[in-house]
Amino acid sequence: MVHAVVLVLVLLLKHVRTDIRYDNCAYWTFSKGFGLPEFTERLALNDVTVYYHDSSLKSKMPRPDWINTTAGKDMWRIIHDWTENNRYGGTLQFHTATQQFNLTGLLTDQNIYQASGCCSVYPNGTYTAFLTYAFNGKDFASFDINTKTFVPAVPQAVFYKNLRERDSLRVDMAVKYYKKTCLERLKILQQDPRVLLRKVPEVQILEQQKKKSGSVTVTCHVTGFYPREVQVFWLGSDLQSVDEGVTEILPNGDGTYQTRKSVIVPEEDVGKQNYSCVVLHISVPNNITTVWVGERACGGVWIAILGCILLSAAAVGYGVWWCCCKTRSKHLN
Ligand SMILES: *[C@@H]1O[C@H](CO)[C@@H](O)[C@H](O)[C@H]1NC(C)=O
Ligand SMILES: *[C@@H]1O[C@H](CO)[C@@H](O)[C@H](O)[C@H]1NC(C)=O
Ligand SMILES: *[C@@H]1O[C@H](CO)[C@@H](O)[C@H](O)[C@H]1NC(C)=O
Ligand SMILES: *[C@@H]1O[C@H](CO)[C@@H](O)[C@H](O)[C@H]1NC(C)=O
Ligand SMILES: *[C@@H]1O[C@H](CO)[C@@H](O)[C@H](O)[C@H]1NC(C)=O
């Protein structure tokens, strides 16, 4: 989000494992008219849900067995206790926002208020934290932990800013949470067996020939990995990036992730150069390198297609299949 606040707290980081990035996040929703529970609270470490509660549930989630230290048990008890507090505070904020947008009193109205707060530890030791709010899907405000101020994203949030900043006790509590407590919880929650899991990426090379130019778009499809952090890049000459270097990492829904990286290999290089897709992931000691060698069609696409048809026709007679547009890819580890 735009108003993300970054802070560096090197002193607190002494005993944190930093082989991958860890995110300790809390998500709250307050809604009306969507048929959803009025209130939901979800705590997640690296996208793994560790605690969930909503207003339709009668009891709170029991403490998982792996949390068995005194500090862990205390944390769980405090999480339970704070659920009501968060619900109460957030519901007031939701009503304030609804009023500021003049959306009160309409029975047909559908409104949703979302808050999320995260702290993250990067492999290089950097610690960041941010707290943001959204109303009906748009940025509403954020909290700057260093200056202890609320930053409105829209004019309707100014009233909210003033209201919140007047309550200095709660402001100090939020600051303390994001500077200290969030990191302490992160250290406990990163012991969750699901967070410690490592799943090796599967790599597949997909290719698509451009009809006119003869250039080939080669895609390195990487899937089934956990944790989420991954680096995928292509090595080779004259490569042209397709996705502007942006790598989107998407969840597969089974706790693993997938991503892809595409490049364009110019016609004159197809079959002459080797290209490698290199995948770096915590689950493998070095890297997964997959080599792609596109074989050049025999003298132009149309001739190649005609050639393929003729060759195939001839080959069928001998019970053998041929295709001259074949490509090879090979795994190295
Ligand atoms: C705490 O949980 C860990 C992991 O499940 C286990 O190895 C350990 O024996 C447990 N300790 C106690 C005191 O139950
Ligand atoms: C809400 O209503 C008040 C009073 O009528 C008006 O001053 C304000 O601009 C309105 N706000 C919005 C977002 O429409
Ligand atoms: C640590 O890594 C993050 C993300 O890669 C980067 O944004 C940040 O600038 C780095 N900080 C330091 C002190 O190197
Ligand atoms: C591509 O790799 C193969 C073996 O993997 C090698 O025999 C060939 O010489 C390489 N071609 C180029 C152009 O580097
Ligand atoms: C990948 O790992 C191999 C060793 O297995 C190493 O020789 C190579 O340099 C690595 N490549 C990259 C791009 O890190």
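Side chains included, hydrogens not; waters and symmetry mates left out as well; all remaining heavy atoms used. Counting starts at 1 for both ligands and their atoms, in listed order.
Other residues, nucleotides and ligands contribute more than 12 heavy atoms inside 6.0 Å of the CD atom of E165.
Counting the atoms of ligand 5 from 1 in the order shown, those under 4.0 Å from a heavy atom of V278 are 13 (C).
By the 3.5 Å distance cut-off applied to N or O atoms, T289 is not counted among the residues near ligand 5.
Residues K187 and Y22 are not in side-chain contact: their nearest non-hydrogen atoms beyond the backbone lie 4.5 Å or more apart.
Taking the six-membered ring where the residue is Trp, the centroids of F143 and Y178 are separated by 6.0 Å or more.
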May I have the step-by-step check of salt bridge (Lys or Arg N to Asp or Glu O under 4.0 Å) for E84 and K60, ending in yes or no? CA-CA 11 Å; E84 266 74 44; K60 303 236 179 78; 3.1 Å; yes
Can D269 and K272 be said to form a salt bridge (Lys or Arg N to Asp or Glu O under 4.0 Å), step by step? CA-CA 5 Å; D269 291 334; K272 287 191 196 148; 5.9 Å; no
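Both I79 and V195 belong to a single network of hydrophobic side chains, linked directly or stepwise wherever heavy atoms of I, L, V, M, F, W or Y lie under 4.5 Å apart.
Within 4.0 Å of ligand 3, protein heavy atoms belong to Y122, N124, T126, listed by chain and number.
Note on ring orientation: taking the six-membered ring where Trp is involved, the planes of Y113 and Y133 are parallel (angle under 30°, cut-offs 30° and 60°).
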